[in-house]
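Keep in mind it's a predicted model, so treat the numbers as computed, not measured. Atoms considered below: every heavy atom in the structure, side chains included; atoms not considered: hydrogens, waters and symmetry mates. Letters A, B, ... mirror the listed sequences (proteins, then strands); counts begin at 1.
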Amino acid sequence: MVTGRHLIEPKDFSIEELEGLFALAGRMEEQPREWRDAAKGKLLASLFFEPSTRTRLSFEAAMLRLGGSVIGFAEPGSSSAVKGESLADTIRTVSAYVDVIAMRNPKEGAALLASRFSTVPVVNGGDGGHHHPTQTLTDLLTIRSLKGRTEGLTVGFCGDLKFGRTVHSLVQGLARYPRNRFVFVSPPELRIPDFVTKEIIDKGGIEYLETEDFEKALPELDILYMTRVQKERFFNEEDYLRLKDSFILDGAKLRRAKADLAVLHPLPRVNEIAVEVDSDPRAAYFAQVRYGMFARMALFASILGVA
Amino acid sequence: MLNIAKIRNGLVIDHIRAGLGIRIFNWLGLDKAKAPVAFIVNAPSKEMGTKDMLKIDETIAIDYALLGFIDHNITVNVIENEVITEKIHMTLPERVENVLVCKNPRCITQVEKSAPQVFVLSDRAKGVYRCEYCDEARGEIDLR
Ligand SMILES: [Zn+2]
């Protein structure tokens, strides 16, 4: 049971608890109308100490679709933090009003700290480059919904695997299930860090491959998780220009892939997925956005004990 | 070796890494102790070459978790009527509070000064601790 619990990092919930959430999200997706009063009278505080319209809208839509209400702020300028109030005091105050808090804060560990002072459950909507568990829930739910399983899959990750927090979390999330394989496609500058390969993958005895050859890696993948390669990550313009096209997914590359591949992306995208790919049935990144809302609906309903 | 009178009832803090004794002396506040305290530096040791030792002629309360954190090779002998009645071996504690300070500029503890600084043991063999908030690693060596 996750009722009354915080969600600070993905591993706060067991595999069984995640399965429960995914099953519930599936029921919500099938019969969304049945849930429109589930959280009636419940109030969410949506506290964004750092702007993130995408994540905030997903949380707020989820609560509203459950019949609940939302208060909060979308950027630090409108919070009391600018007046120098401590996070602890803000959380103590807000938790006196609401039934659940969803928060994003640029400082690592902010959500954990908030959970220590809150009298209601806290959901971490991102704490700097640290954790973003509802993105991982979204990714796992998308995979489970599209593939019918989260095990025995060959999952490719492409792009910035060094700084990509969502990649590290999803690898960790998928490593908890049996027989998944990973293929890491990136320029050498942005390869997957050792703490992921050593501490998560090796410890789990999981098979993986690192490569720079995107085209060669594509045909064996069941899932392709794309990320943005940002210009700022490169030391010089030349390297960036030389490498950036190698890690772009377009129609030509996609022809090499399996017919039932699912292409995911945490969004927003810039140019790493060509627009022509959007109309391909394998493009799942906008479906992923929708699963993100159902994942958060299932999470709120479960935490609030109204599921 | 120097001849120091045997203690009757008290503690012998032994196998302190040479040079670390003064810090442990200070940490335990032994300058304010009422009982006699012997502080021996550079004592010869078979295993360690040289070591520091502290002899306290009184059974004082010690935070063994903290002592283990400072130097987990330390042993503490409890003396009763001039005989060793117990040998306490240190281990690295699972967590330490307000001992290490997180230096990660992106960590919430940098701005939220009232928050306790909590570090959790993540690798016992290497003595690595991680900030509970941001997971930034600190080795025990940092403290010394
Ligand atoms: Zn920290």
Atom group of B/Pro105 that falls short of 4.5 Å from chain A, counting heavy atoms: backbone
Portion of B/Asn104 that has a non-hydrogen atom of chain A nearer than 4.5 angstrom: side chain
Pair A/Arg116 + B/Glu112, salt bridge at N-O below 4.0 Å: no
CD1 on B/Ile108 to CG on A/Asp127, rounded to 0.5 Å: 9.0 Å
Closest non-hydrogen atom pair between A/Leu113 and B/Ala115, with its separation: CD1-CB, 3.2 Å
Inter-residue atom distance B/Ser114.OG - A/Asp89.CG, 0.5 Å rounding: 7.5 Å
Residue part contacting chain A, namely of B/Glu132, when any heavy atom lies under 4.5 Å: both
